[in-house]
Amino acid sequence: MMTDQLDEKIKYNRLQAKKHGVRCDVTRIMVDIPKDTRITKFDGTTEVTEKARLARNGSELMDMFTKFCRDNCGSFAKFDSTPVLMGALEHVMENYLGIFSMDVPKVVLQRDNKPHFESLIRKALLEYERQLQKQKPAEPEYKECVWEVPETRLYNSQVSQARDGEIFNHALQPFFEQNNVSAPEYNFARWLDQRTDEVDWWYKNGDEGKQHFAVPYTDMTGRKRCFYVDFIIRLKNGTICLFDTKTPGSDEDAPEKNNALFQYCEEYCAKGKKMVGGVLIAQGDNWYYPNGLIEDTATTDGWSVLDLRNI
């Protein structure tokens with residue numbers, strides 16, 4: 001296609017985007033600075049006495065864009081799907097709207113644009129799910145194996161070593177944590193590590209792969225998947241705990257995951273051993289788990305307080 005033809009096509013696409021409420025001429029993302037807030041610049045500290053606005057820098061925008069994509073992966077594995085979604089948005093924006101990759105986060109995250117992109121991504125994910133269902137892939141085979149904490153573990157570049165003296169009781173030392181670790185995972189790891197009187201060891205499980213522990217479950221679309229539980233814990237009394245941190249309503253498959261995990265624990269206990277587990281939600285200073293079957297995670301009413309001394 002000739003350059004002038006390409007330009008005309010991009011102009012047309014941008015006009016159509018504008019008609020649907022999407023701005024393409026975003027040059028920066030602003031953030032409000034409250035009155036009387038002190039901000040530190042390279043040349044010293046400045047007191048802001050009136051309401052001010054600052055533009056997000058490139059690094060902040062990329063962090064926000066990564067989080068946006070991570071939060072909009074639907075039921076797909078976030079670790080794998082986040083970079084795929086980022087790449088897809090960049091590809092579409094450049095080829096159809098003439099917006100280069102460095103400007104994509106600005107357009108996507110613009111206050112009025114953001115809801116439109118969230119809606120489009122949800123529609124795309126639903127269509128993708130429908131296409132997967134049409135293909136009817138062969139049902140995956142699941143083999144039950146004895147899992148043990150690995151002696152060594154390979155990490156990718158998306159993790160960082162915890163500060164010295166911060167984590168003591170993780171099964172593998174030193175402890176490495178995802179750079180974009182969720183707040184519930186981060187907080188529970190430190191809550192857990194402080195309870196050395198009850199905990200023999202604990203292990204932060206991986207998100208995929210045969211070397212990590214998983215429980216089979218069927219998601220809301222009827223697909224059989226592997227549920228990689230966040231935390232594997234061995235108490236000093238021999239009890240095994242399997243917990244996965246959530247926030248209320250954050251995962252539409254959370255009930256299916258919890259119920260499959262609860263059934264797994266029940267079957268394990270039937271062999272004369274002790275195991276408890278489920279999804280885990282923080283409320284105030286306490287962590288709550290269902291200790292049974294659930295239909296949603298919108299509320300923790302009727303759930304049990306996690307007290308390792310009484311398990």
Side-chain angles (χ1 to χ4, degrees), residues 22 26 29 56-97 99-111 113-132 153-162 176-189 204-214 217 219-221 223 225-231 244-254 256-257 279 297:
V22 176
V26 182
I29 299 293
R56 296 282 190 183
N57 61 37
S59 177
E60 291 173 331
L61 282 173
M62 185 51 64
D63 288 343
M64 293 170 62
F65 184 51
T66 301
K67 184 179 185 303
F68 171 85
C69 292
R70 178 182 174 86
D71 292 343
N72 284 278
C73 290
S75 60
F76 293 94
K78 298 184 184 298
F79 184 79
D80 293 325
S81 301
T82 297
V84 173
L85 179 55
M86 292 173 68
L89 287 170
E90 291 174 353
H91 174 79
V92 170
M93 301 284 274
E94 180 173 351
N95 284 273
Y96 289 89
L97 298 173
I99 298 171
F100 294 110
S101 59
M102 65 180 296
D103 293 321
V104 169
K106 302 174 188 176
V107 177
V108 174
L109 298 174
Q110 197 272 340
R111 181 183 59 186
N113 289 351
K114 188 177 179 181
H116 292 291
F117 282 101
E118 290 173 337
S119 177
L120 288 170
I121 293 170
R122 283 196 295 270
K123 291 179 181 178
L125 289 176
L126 288 173
E127 178 60 27
Y128 183 60
E129 288 280 6
R130 282 193 288 268
Q131 293 300 323
L132 289 177
R153 178 172 170 180
L154 296 177
Y155 293 92
N156 58 32
S157 60
Q158 303 301 312
V159 301
S160 298
Q161 182 177 335
F176 287 85
E177 192 166 49
Q178 290 288 332
N179 296 330
N180 58 350
V181 59
S182 68
E185 286 185 15
Y186 180 92
N187 293 331
F188 184 66
K204 177 59 182 72
N205 197 31
D207 294 327
E208 60 182 358
K210 296 180 180 179
Q211 72 273 30
H212 298 303
F213 176 81
Y217 80 102
D219 68 15
M220 292 185 64
T221 67
R223 294 179 62 193
R225 295 176 176 269
C226 286
F227 172 31
Y228 292 87
V229 184
D230 284 338
F231 293 90
D244 197 84
T245 55
K246 302 290 183 187
T247 55
S250 63
D251 183 351
E252 61 182 4
D253 279 331
E256 286 73 20
K257 293 176 180 178
V279 297
T297 58

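- Listed by chain and number, the residues in a ring pair (Phe, Tyr, Trp, His ring centres under 6.0 Å) with F76 are Y128 (sequence neighbours excluded).
- Atom CD of Q158 and atom CZ of F176 lie 14.0 Å apart (nearest 0.5 Å).
- Counting heavy atoms from C-beta on, the side chains of I121 and F68 come closer than 4.5 Å.
- Two residues are said to be in side-chain contact when any heavy atoms from C-beta on lie closer than 4.5 Å; R70 and S81 fail this criterion.
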Test log, rule side-chain contact (heavy atoms from CB on, under 4.5 Å), inputs F65 and L89: CA-CA 10 Å; F65 184 51; L89 287 170; 3.9 Å; yes
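- Listed by chain and residue number, nothing satisfies the salt bridge (Lys or Arg N to Asp or Glu O under 4.0 Å) test with R153 (two or more places apart in sequence, or in another chain).
- Using a distance-only test at 3.5 Å, with no hydrogens or angles considered, a donor-acceptor pair links the side chain of D230 to the main chain of T245.
- Heavy-atom minimum distance, K246 versus V279: CG-CB, 4.0 Å.
- Panel note: side chain D253, backbone E256; no donor-acceptor pair is recorded below 3.5 Å.
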Test S75 against E129 for side-chain contact (heavy atoms from CB on, under 4.5 Å), laying out the working first. CA-CA 10 Å; S75 60; E129 288 280 6; 3.5 Å; yes
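- A donor-acceptor distance shorter than 3.5 angstrom exists from the side chain of N205 to the backbone of V229, with no hydrogens or angles considered.
- Within the 4.5 Å cutoff, side-chain heavy atoms of N113 are placed close to those of V107.
- In summary, the aromatic rings of F213 and Y228 are positioned with their centroids too far apart to meet the 6.0 Å limit.
- Between F79 and Q178 the shortest side-chain heavy-atom distance falls below 4.5 Å.
- Pairing each heavy atom of T247 with each of P184, the nearest pair is CG2-CG, 3.6 Å.
- Listed by chain and residue number, nothing satisfies the side chain to side chain donor-acceptor pair (under 3.5 Å) test with R122 (two or more places apart in sequence, or in another chain).
- No donor-acceptor pair closer than 3.5 Å links the side chain of D103 to the backbone N or O of I99.
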Dump the intermediate steps for side-chain contact (heavy atoms from CB on, under 4.5 Å) on E118 and N72, then the final yes or no. CA-CA 7 Å; E118 290 173 337; N72 284 278; 3.7 Å; yes
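- Looking only at side-chain heavy atoms (C-beta outward), S250 and T297 stay at 4.5 Å or farther from each other.
- Counting heavy atoms from C-beta on, the side chains of E185 and E177 never come closer than 4.5 Å.
- To the nearest 0.5 Å, the span separating SG on C226 from CD on E208 amounts to 11.0 Å.
- Between S160 and N179, the closest heavy-atom pair is OG-OD1, 2.5 Å.
- Annotation: side chain to side chain contact (heavy atoms under 4.5 Å, CB included) contacts of D71 (sequence neighbours excluded): K67.
- Of the inter-residue distances, the one linking E60 atom CD with N57 atom CG reads 4.0 Å to the nearest 0.5 angstrom.
- Residues passing the salt bridge (Lys or Arg N to Asp or Glu O under 4.0 Å) test with D219, sequence neighbours excluded: R225.
- A salt bridge does not link K257 with D244: none of the charged nitrogens is closer than 4.0 Å to a carboxylate oxygen.
- In this structure, CG on L61 lies 10.0 Å from CE on M102, to the nearest 0.5 angstrom.
- With contacts defined as side-chain heavy-atom distances shorter than 4.5 Å, the pair M62/M86 qualifies.
- Applying the salt bridge (charged side-chain N to carboxylate O under 4.0 Å, His left out) test to every pair with at least one member in residues 75-94, sequence neighbours left out, gives no pairs at all.
- Counting heavy atoms from C-beta outward, M93 and F117 have side chains that approach closer than 4.5 Å.
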